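Below: one structure, written as structure tokens.
Below, chain A is the first sequence line, B the second, and so on; all start at residue 1. What you are looking at is a predicted structure, and each value in this text was computed from that prediction instead of being measured.
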2 protein chains.
Amino acid sequence: MFTRETLPAQGVRGYVGRMETSPQRRRDPVQARSRARVDTILDAADAVFLELGFAEATTNHVAARAQTSIGSLYRFFPDKDALLVALAERYGARMQALASQLTPMDPEGATLRGLISDGIDGFSAFLLANPGFVTLIHQARHPALTAGRRAQEGQMAALIGGLSAKLAPQLSAEEVSVIGEVAQTVLSALQTLAHIHDDARSREATLAEAKLMMTLYLSRRLGVPEDVPLASLGGGDTGQRGA
Amino acid sequence: MFTRETLPAQGVRGYVGRMETSPQRRRDPVQARSRARVDTILDAADAVFLELGFAEATTNHVAARAQTSIGSLYRFFPDKDALLVALAERYGARMQALASQLTPMDPEGATLRGLISDGIDGFSAFLLANPGFVTLIHQARHPALTAGRRAQEGQMAALIGGLSAKLAPQLSAEEVSVIGEVAQTVLSALQTLAHIHDDARSREATLAEAKLMMTLYLSRRLGVPEDVPLASLGGGDTGQRGA
DNA sequence: GGTAAACATGAGCAAAAGCTCACGTTATAA
DNA sequence: TTATAACGTGAGCTTTTGCTCATGTTTACC
């Protein structure tokens with residue numbers, strides 16, 4: 001006979017109802033085998049949530065799609081919500097990578113319009129490659145996500161807020177915050193709208209409107225002309241030349 | 001003994017699984033008593049969906065909140081989705097009333113900025129009085145709603161599209177459609193954002209940004225100045241003077 | 001007032017979904 | 001080689017939830 005595995009300290013008690021506590025992994029994978037399995041499960045969850053929506057999807061669906069047993073799923077994810085949280089974390093990392101990738105080489109040579117256009121195109125390409133992310137955005141209000149959301153979706157707002165603060169130092173912190181929130185909301189909504197359409201033509205048409213709207217708004221709100229290289233403006237420093 | 005009620009023609013068969021067909025009322029109420037009950041149930045559904053979200057809410061929750069029996073609920077609503085559909089219809093009617101109320105007395109005397117400001121304020125007041133509507137908007141992608149959605153949420157898009165076509169007759173039908181869709185999406189998203197905040201101050205701050213953004217966008221896109229009375233423009237006819 | 005419909009009730013059924021656990025397999029380390 | 005821990009499995013248990021239906025009450029109409 002073999003020894004029974006000692007359960008992790010964090011109170012996995014008998015079955016007394018839904019677990020309402022920490023939606024974390026029940027047990028972190030340590031071998032390469034299981035690490036790959038966790039990734040496979042997340043991929044499956046992503047696909048299933050996209051197809052059925054989070055509410056309709058079941059853990060058994062996900063396990064089946066991942067070609068693994070339901071027991072393996074529950075070994076690493078305490079409940080269905082944990083799948084959502086883990087997915088959000090994974091997308092958060094990808095978003096971070098996208099953000100740094102979209103930071104232009106020569107920010108001072110770029111115009112406001114150019115920055116916005118590149119940003120929207122970049123995010124659109126990201127959505128095209130990660131269709132499940134739209135589903136995740138749609139679930140942003142899920143209670144399990146409220147904690148991690150700041151680090152994920154608010155990232156875009158922070159990026160825009162940072163840009164705003166640099167280009168328009170006269171704005172108060174509160175104004176900057178509102179502008180970032182508003183811009184992030186509009187971008188998210190219009191990207192979602194754009195990617196509802198399957199054909200590239202109407203998607204591009206919607207994205208063009210998004211670019212126009214954001215350019216007009218930020219130009220006015222930050223007091224920055226649309227088509228003038230940011231370097232030639234007297235305002236603030238737009239690049240991080242130092243450390 | 002009393003005669004068993006003859007079941008309505010539309011196939012209410014034995015219990016062979018979930019009903020996947022028409023999410024309509026199983027039986028329309030004919031007496032005042034039951035008509036009031038249907039309203040009470042809808043009010044309860046509205047409140048419960050707002051509190052728990054549609055996915056988490058159960059029909060038993062709704063019945064309990066309405067202080068009625070689960071049987072009565074199912075007498076008038078074939079399934080949970082039907083509650084959502086009925087709610088959407090009820091809000092659709094209210095939205096229609098709002099739309100006609102927001103149609104200004106003197107459209108030609110108004111400026112573009114004024115029209116937008118009044119529209120946003122009016123819709124904001126509507127959301128304040130109907131907090132459940134936000135939840136409904138969030139469920140807009142629910143399969144059961146796709147049919148009725150056009151008549152409900154698209155109403156705003158149609159309104160804006162109509163305005164666009166009048167003020168800028170040079171635009172193609174497709175352009176008008178995109179503009180309406182985009183404007184409606186942005187307005188909906190920003191109103192939702194505004195009403196997440198409980199305090200009136202930050203709500204107003206967000207709405208001010210929404211007004212600015214919409215004014216800039218529509219002004220540029222339609223080629224109409226922001227602060228000039230629409231009557232003084234050479235363009236199209238802005239009022240329906242005739243029948 | 002009598003009768004037939006409409007209306008109302010709630011215990012409880014059937015299915016679905018979340019999740020467990022006893023058992024079996026693979027990797028690791030001594 | 002062998003002991004131990006990590007990993008993997010899936011039948012099936014428990015709970016939830018959508019929904020029914022046998023029974024009882026109110027309203028409408030003659």
Side-chain angles (χ1 to χ4, degrees), chain A residues 1-8 12-21 23 25-41 45 48 52 54-64 66-84 144, chain B residues 1-8 12-21 23 25-41 45 48 52 54-64 66-84 144:
Chain A
M1 196 182 288
F2 49 92
T3 56
R4 197 86 290 283
E5 220 165 283
T6 52
L7 288 170
V12 177
R13 53 214 179 274
Y15 192 73
V16 291
R18 299 282 176 75
M19 199 180 298
E20 290 169 343
T21 46
R25 279 172 195 172
R26 182 165 297 184
R27 177 156 219 134
D28 284 330
V30 314
Q31 297 176 6
R33 174 172 51 147
S34 52
R35 242 174 288 127
R37 187 169 298 271
V38 164
D39 264 358
T40 308
I41 291 174
V48 172
L52 304 177
F54 179 71
E56 297 299 313
T58 73
T59 48
N60 287 293
H61 282 143
V62 173
Q67 303 204 65
T68 191
S69 69
I70 185 67
S72 289
L73 188 154
Y74 276 99
R75 164 170 281 269
F76 300 108
F77 302 95
D79 54 30
K80 191 182 166 188
D81 287 353
L83 289 171
L84 198 68
Chain B
M1 198 180 289
F2 49 92
T3 57
R4 198 85 288 281
E5 221 164 283
T6 51
L7 289 171
V12 177
R13 53 212 179 274
Y15 190 75
V16 290
R18 300 284 176 75
M19 197 180 303
E20 290 170 345
T21 47
R25 277 172 196 173
R26 181 164 295 182
R27 178 156 219 132
D28 284 331
V30 313
Q31 296 176 6
R33 175 172 50 146
S34 52
R35 242 174 288 126
R37 186 169 299 272
V38 164
D39 264 358
T40 307
I41 291 174
V48 171
L52 303 178
F54 180 71
E56 296 299 312
T58 72
T59 48
N60 287 294
H61 281 144
V62 173
Q67 302 203 63
T68 190
S69 68
I70 185 66
S72 289
L73 188 154
Y74 276 98
R75 173 173 199 84
F76 300 108
F77 301 95
D79 54 29
K80 193 182 165 188
D81 288 353
L83 288 172
L84 197 69

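- At whole-Å resolution of the value, CG in A:D79 and P in C:dC19 are 5 Å apart.
- Each of A:E56 and B:S34 has a nearest nucleotide on DNA chain C; the 5'-most of these lies closest to B:S34.
- Rounded to an integer number of Å, the gap from NE2 of B:H61 to C1' of D:dT16 is 10 Å.
- With A:S34 contributing its side chain and A:R37 its backbone, the two residues share no donor-acceptor pair below 3.5 Å.
- If you measure from atom CD1 of A:I41 to atom P of C:dG18, you get 15 Å, rounded to the nearest angstrom.
- With values rounded to the nearest 0.5 angstrom, B:T59 atom OG1 is found 11.0 Å from B:D81 atom CG.
- Distance NZ (A:K80) to C1' (C:dC19): 13 Å, rounded to an integer number of Å.
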Original post:
Could you go step by step and tell me if B:T68 and B:T40 meet the side chain to side chain contact (heavy atoms under 4.5 Å, CB included) rule?
Top reply: CA-CA 9 Å; B:T68 190; B:T40 307; over 6 Å; no
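- Which of C:dA6, D:dC7, C:dA17 sits closest to the side chain of A:P29 comes down to D:dC7.
- For the pair B:K80 and B:F54, the distance from NZ or CZ to the six-membered ring centre is under 6.0 Å and the angle to the ring normal is within 45 degrees.
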**OP:** Take A:R35 and A:V38, measure what side chain to side chain contact (heavy atoms under 4.5 Å, CB included) needs, and give me the verdict at the end.
**Re:** CA-CA 5 Å; A:R35 242 174 288 127; A:V38 164; 5.8 Å; no
Can you tabulate the close N/O pairs, meaning under 3.5 Å, that link protein atoms to atoms of nucleotides 9-12 of chain D?
residue : atom : partner : partner atom : Å
D:dT9   : OP2  : A:R37   : NH1          : 3.2
D:dT9   : OP2  : A:T68   : OG1          : 3.0
D:dT9   : OP2  : A:S69   : N            : 3.4
D:dT9   : OP2  : A:S72   : OG           : 3.3

**OP:** Before giving the answer on side chain to side chain contact (heavy atoms under 4.5 Å, CB included), spell out for A:L83 and A:I41 the whole-Å C-alpha distance, their side-chain angles and the decisive distance to 0.1 Å.
**Re:** CA-CA 9 Å; A:L83 289 171; A:I41 291 174; 3.9 Å; yes
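- Summarising the geometry, the separation between CZ on B:F77 and P on D:dT20 is reported as 15 Å, rounded to the nearest angstrom.
- Residue contacts for B:A57: at a heavy-atom cut-off of 4.0 Å it reaches the sugar-phosphate backbone alone, with no base atom in range.
- One interatomic measurement links the two molecules: CG of B:D81 to C1' of D:dT17, which rounds to 14 Å at whole-angstrom precision.
- Rounded to an integer number of Å, the gap from OH of A:Y74 to P of C:dC19 is 4 Å.
- The 5' end of DNA chain D is approached more closely, in terms of each residue's nearest nucleotide, by B:T59 than by the other of B:A32 and B:T59.
- Whole-Å rounding puts the B:Q31 CD to D:dT27 P distance at 7 Å.
- Atom CZ of B:F76 and atom CG of B:D28 lie 9.0 Å apart (nearest 0.5 Å).
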